[in-house]
Amino acid sequence: METLLEQIDRAHLPQHVAIIMDGNGRWAKERGEDRLFGHFHGVQSVRDIVEASAEIGIRYLTLYAFSTENWDRPQAEVAGLMELLVNTVRREVDQLKKNGIRLHVIGDFSMLPPSARQELSEALDLTAENDQLHLILALSYSGRWDLTQAFQQLAQKVQTGAVRADSIDADTISDHLSTRDFPDPELMIRTSGEHRISNFLLYQLAYAELYFTETLWPDFRRQHLFEALLDYQQRERRFGKTSEQLTT
Ligand code: FPP
């Protein structure tokens, strides 16, 4: 019996997988624990998914770790999550460096405490030479924030004459998003049974295949990722064309 991993066609992997890691709070509640307990266990899933993605040959992995809306959660949860994120990055950075993984962070950093910004920027520098897997943490991120900052940059360029308004096309907009250095995700996974994009990569997910699973994030391991990849490989990506046009 072929394992899930053996069934995956390595030649047709998505280059970029984006994940909304949802369900930590419910996972903790089911166990009568505090929400932070769920986030803490979610880090084990992050580690397993990052490791498996690097091993299988995914080039870009974006994880939605903290949304701009998450700042409105109870102060203790926000502080605990920030601490967990920064501590995890600090603890794992040597391993990332050793395994060829380059860390990137996208989001509104003006909201982050200065100490967190400092820690993250050191981690970014330490892994800057790596190129096997690009691990992109969406932190204090939202799709609308990203589009807004892109339009602000473009409006300024139009004002100074650096860009002509009638020359702006879809690529110009992509080039001003925080994801300008990465290809668009071909696969977006959301855990915990919610069927929403929740202000994630709004522009970048235009053609992504969406995969939803009931599994809560702290239970999501490489086998679940492999299931999502197999499901992706069974789909036909038409980009608005017909099946016949794709085969001829
Ligand atoms: C959503 O679950 C999850 C988050 C808001 C935080 C995700 C962060 C981690 C898993 C830690 C990641 C660490 C690194 C280094 C990337 P929820 O709290 O909304 O769950 P619920 O919907 O069940 O309430």
Side-chain angles (χ1 to χ4, degrees), residues 17-54 58 60-97 99 101-109 111-113 115-117 119-124 126-127 133-143 145 188-201 212-222 224-225:
V17 177
I19 308 183
I20 301 181
M21 310 181 287
D22 198 9
N24 295 350
R26 276 162 284 165
W27 190 90
K29 197 171 173 198
E30 280 172 7
R31 287 159 180 79
E33 298 281 353
D34 186 64
R35 299 176 57 80
L36 275 172
F37 183 77
H39 299 316
F40 185 75
H41 279 269
V43 173
Q44 301 298 330
S45 305
V46 170
R47 195 177 288 123
D48 195 49
I49 296 309
V50 171
E51 211 177 272
S53 300
I58 288 167
Y60 300 86
L61 175 68
T62 299
L63 300 178
Y64 205 2
F66 195 93
S67 72
T68 46
E69 289 84 7
N70 287 153
W71 291 111
D72 297 328
R73 289 196 176 191
Q75 208 266 327
E77 184 177 351
V78 170
L81 247 177
M82 274 299 133
E83 200 181 317
L84 181 64
L85 284 160
V86 171
N87 286 347
T88 304
V89 168
R90 187 188 301 138
R91 201 180 51 234
E92 300 291 335
V93 69
D94 285 342
Q95 206 57 30
L96 295 178
K97 192 174 171 179
N99 291 330
I101 300 169
R102 179 168 179 183
L103 186 70
H104 304 264
V105 189
I106 54 172
D108 181 2
F109 307 137
M111 309 276 287
L112 289 174
S115 57
R117 259 184 272 169
E119 283 278 354
L120 290 168
S121 110
E122 283 170 23
L124 300 187
L126 276 167
T127 62
L133 169 68
H134 293 262
L135 171 60
I136 304 143
L137 292 186
L139 194 55
S140 187
Y141 180 88
S142 76
W145 162 82
M188 195 284 289
I189 300 172
R190 181 171 191 155
T191 60
S192 90
E194 306 292 353
H195 294 196
R196 289 190 291 276
I197 295 184
S198 294
N199 211 351
F200 192 25
L201 301 161
F212 300 101
T213 169
E214 295 292 321
T215 307
L216 303 177
W217 179 252
D219 289 328
F220 191 89
R221 290 300 139 95
R222 62 183 63 207
H224 301 97
L225 174 68

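We count ligands from 1, going down the list as the structure has it; atoms in each ligand are counted the same way.
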Q. Any idea which heavy atoms bring D219 and R31 closest together, and the distance?
A. OD1-NH2, 4.5 Å
Q. Short list, please: which atoms of ligand 1 are under 4.0 Å from a heavy atom of A65?
A. 6 (C), 7 (C), 8 (C)
(Q) If we set the cut-off at 4.0 Å for heavy atoms, which region of R73 has an atom near ligand 1: side chain, backbone, both, or neither? (A) side chain
Q: Compare N24, V46, L139 and give the one whose heavy atom is closest to atom 2 (O) of ligand 1.
A: N24
Q. Does a side chain donor of either S140 or W71 reach within less than 3.5 Å of an acceptor in the other side chain?
A. yes
Q) Under 30°, 30 to 60°, or over 60°: which ring-plane class applies to F200 and Y64, parallel, tilted or perpendicular? A) parallel
Q. Does a sphere of radius 6.0 Å around CZ in F40 hold more than 12 heavy atoms from other residues, nucleotides or ligands, not counting ones at 6.0 Å or beyond?
A. no
Q: Could you label the plane-to-plane angle of the W217 and F220 rings as parallel, tilted or perpendicular, counting under 30° as parallel and over 60° as perpendicular?
A: parallel
Q: Tell me which part of E194 gets within contact of ligand 1: side chain, backbone, both or neither, using heavy atoms under 4.0 Å.
A: neither
Q | Where ligand 1 meets R26 - atom numbers and elements under 4.0 angstrom, heavy-atom basis | A | 21 (P), 22 (O), 23 (O)
Q: Supply the atom-to-atom distance H104 NE2 to L120 CG, rounded to the nearest 0.5 angstrom.
A: 13.5 Å
Q) Can you list the ligand 1 atoms lying under 4.0 Å from a non-hydrogen atom of G25? A) 17 (P), 18 (O), 20 (O), 21 (P), 23 (O), 24 (O)
Q) Rounded to the nearest 0.5 Å, what separation is found between the CD1 atom of I20 and the OG1 atom of T191? A) 8.5 Å
Q: Please could you name the atoms of ligand 1 that L137 approaches to less than 4.0 Å, counting only its heavy atoms?
A: 16 (C)
Q. When you measure from atom 4 (C) of ligand 1 to every protein heavy atom, which one gives the shortest distance, and what is it?
A. H39 CE1, 3.8 Å
Q. Does any N or O atom in W27 lie less than 3.5 angstrom from one in ligand 1, N or O only?
A. no
Q: Output the list of atoms in ligand 1 that are nearer than 4.0 Å to some heavy atom of T88, sorted by atom number.
A: 15 (C)
(Q) Below 4.0 Å from ligand 1: does a non-hydrogen atom of D22 turn up there or not? (A) yes
Q. In terms of heavy-atom contacts, does CD of E69 have more than 12 from other residues, nucleotides or ligands at under 6.0 Å?
A. yes
Q: Using a strict 4.0 Å cut-off to heavy atoms of L85, name the atoms of ligand 1 that fall inside it.
A: 12 (C), 13 (C), 14 (C), 15 (C), 16 (C)
Q) Would you say the side chain of F66 lies within less than 4.5 Å of the side chain of V78, judging by non-hydrogen atoms? A) yes
Q: Please confirm whether N70 comes under 4.0 Å of ligand 1, counting heavy atoms of the residue only.
A: yes
Q: Please state whether E92 comes within less than 4.0 angstrom of ligand 1, counting heavy atoms only.
A: no
Q | Shortest non-hydrogen contact from I49 toward I19 | A | CG2-CD1, 3.9 Å
Q) For atom 18 (O) of ligand 1, what is the nearest protein heavy atom, given as residue, atom name and distance? A) R35 NH2, 2.7 Å
Q. What residue and heavy atom of the protein are closest to atom 3 (C) of ligand 1, and at what distance?
A. M21 O, 3.1 Å
Q: With rounding to the nearest 0.5 Å, note down the distance linking CG in N70 to OG in S198.
A: 10.0 Å
Q: Answer yes or no for S192: is there a heavy-atom contact with ligand 1 below 4.0 Å?
A: no
